[in-house]
K.L.:
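Pasting in a structure now, in structure tokens, and then I'll have a few things to ask.
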Number of protein chains: 2
Amino acid sequence: MSETNEIKVAVDAIVFGYQQNTLYVLLVKQKFGQMKGIWVLPGGFVLKHESLKEAVTRELQEEAGIQVNYLEQLYTFGDDINRDPRFRVISVAYFALVNPDNFALVHQNDTDAEEAQWFAIDRVPKLGYDHNEIIKVAHQRLKNKLTYQPIGFDLLAEEFPFSDLESLYTVILEQDIDRRNFRKKILSFGFLEETNTLSPNTGSGRPARLFRFNNNAYNQLLSKGFHFEITFA
Amino acid sequence: MSETNEIKVAVDAIVFGYQQNTLYVLLVKQKFGQMKGIWVLPGGFVLKHESLKEAVTRELQEEAGIQVNYLEQLYTFGDDINRDPRFRVISVAYFALVNPDNFALVHQNDTDAEEAQWFAIDRVPKLGYDHNEIIKVAHQRLKNKLTYQPIGFDLLAEEFPFSDLESLYTVILEQDIDRRNFRKKILSFGFLEETNTLSPNTGSGRPARLFRFNNNAYNQLLSKGFHFEITFA
DNA sequence: ATTCGTGGCGTATAATTTACGCAAAAGTAG
DNA sequence: CTACTTTTGCGTAAATTATACGCCACGAAT
């Protein structure tokens, strides 16, 4: 059974960010090896003494100097035996979200990545390995999750105007929504806190009140059997 | 980085079956090694030349002589570094369903498993590794999926009376449902085919017409944006 | 003061879900 | 044959939720 030794275990991260009505995904440029100069998802091999989750956070720190505020396992890609031309590799992909406060990238020097950069989701270039496929799966997961989990808040600032949440949904789901019904529904859930602050003046239009997602309230609802779900006309 | 060589990749399968109003899960008894005599989930190490999915089907064939009719990746367990006392192992768990036609187990001799056996889900003994935890996750997934994917049909015979589908839902979700509304809703979807046959006589009560799940019809609905969803009062 | 652009609330109608009554089709016992 | 039991199968009214829109509020620029 020594054969089984030769399978390598990697992790990859699909990190989404949202800025000014655009959905971004984080990519890094390979510094060494056969894939030098090619854009790929941040990630790398798992070390023997670390958990999968630790491996992902480590790689994100090393390659992009970024901390995410939502992280979950997405899928393990291992059915295409030749996805990596060098070895038999299986990759555990993680799905991550960052909010605008953590959007900035800080590059460390001692890594496999030459550079880290945000790409608008519809401007992602041809990537190494099967990473374009992986992004597709992750993008789909994001769209789905948005409708049945209050995950959009992890892409927004701590405090946000309602219109930000609304346009986040329209942008990511590529679907028009009725502003009034959307607001009514979200507010009816009861996990949004009104703040006293108003949105900074953007030059035109009435300033909006800022809201905050109350995680405690949400968890309490969950424990009472509440199920988040939001659909559109 | 030779460290990464030492991580072993395994697959495990959580196979569910349904018979006479009871949900079963498939377990095998270890034949060799430290875990000899202990019940665990069917599974084993992935060979270098095979895909993850191939590894699962192979192990299921070897250890229990069973063919499943639904198989999907569940989760990759690799955060507990010491889940296997011998090596650092990560395990890709698969979620599987068998219908009554494939319920029978045939044991091969040349495997790690001494015996394969169905256990009622609420009579599962203490298992090796973290397998009790894995079953919990799979059981939850089954419950969830039942409500948003027409997966229950994979646990029933090709042709079935409506009451079977109904009690499957009540048993697995541990929830009473209104028979009349349930039937109305499911039929309204339009992916059930009426057959001409009536259910074999059970001794009392009116014989039921048998139905068949029409996968083609379902896929056509899907492509039109249909979303299966079933909730209960 | 008027106009422009966003924010914010309300109400009528349509669609869907929930609750539940009851007849039809078997088998069985007398 | 009739009464009684059991399970199937259909229908209809009420309650709830989703959808479609109308319109005023507030702030800034002209």
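In what follows, every heavy atom counts, from backbone to side chain, and hydrogens, waters and symmetry copies are set aside. Chain letters run A, B, ... following the sequence lines, proteins first, then strands; residues in each count from 1.
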K.L.:
Nearest whole Å is fine: how far is dC9(C) C1' from Ile186(A) CD1?
P.N.:
17 Å

K.L.:
In whole Å, I'd like the distance from the CZ atom of Arg183(A) to the P atom of dT6(C).
P.N.:
16 Å

K.L.:
Under the ring pair (Phe, Tyr, Trp, His ring centres under 6.0 Å) rule, collect the residues that match up with Phe189(A), sequence neighbours excluded.
P.N.:
Phe191(A), Phe226(A), Phe228(A)

K.L.:
Whole Å only: how far is the CZ atom of Phe182(A) from the P atom of dC9(C)?
P.N.:
15 Å

K.L.:
Among residues at least two apart in sequence or on other chains, which ones pass salt bridge (Lys or Arg N to Asp or Glu O under 4.0 Å) with Glu159(A)?
P.N.:
Arg212(A)

K.L.:
For DNA chain D, note the earliest and the latest nucleotide, 5' to 3', having some atom under 4.0 Å of a heavy atom belonging to chain B.
P.N.:
dT6(D) to dT12(D)

K.L.:
Are there more than 12 heavy atoms of other residues, nucleotides or ligands under 6.0 Å from atom CG of Asp122(A)?
P.N.:
yes

K.L.:
If we ignore angles and hydrogens, is there a donor and acceptor under 3.5 Å between the side chains of Asn214(B) and Glu193(B)?
P.N.:
yes

K.L.:
Here's a test of your reading of the structure: between Glu166(A) and Gly205(B), which maps to the more 5' nucleotide of DNA chain C?
P.N.:
Glu166(A)

K.L.:
Have Tyr70(B) and Glu72(B) got a donor and an acceptor in their side chains that come within less than 3.5 Å?
P.N.:
yes

K.L.:
Just by modelled atom types, is the Ala208(A) backbone N or O under 3.5 Å from a matching donor or acceptor in the Ser199(A) side chain?
P.N.:
yes

K.L.:
Ring pair (Phe, Tyr, Trp, His ring centres under 6.0 Å) with Phe16(B): which residues, sequence neighbours excluded?
P.N.:
Phe95(B)

K.L.:
Quick one: what's the B/S/- string for nucleotides 16-23 of chain C, heavy-atom cutoff under 4.0 Å, read 5' to 3'?
P.N.:
-SBBBBB-

K.L.:
Please enumerate all residues that pass salt bridge (Lys or Arg N to Asp or Glu O under 4.0 Å) together with Asp130(A), with sequence neighbours excluded.
P.N.:
Arg83(A)

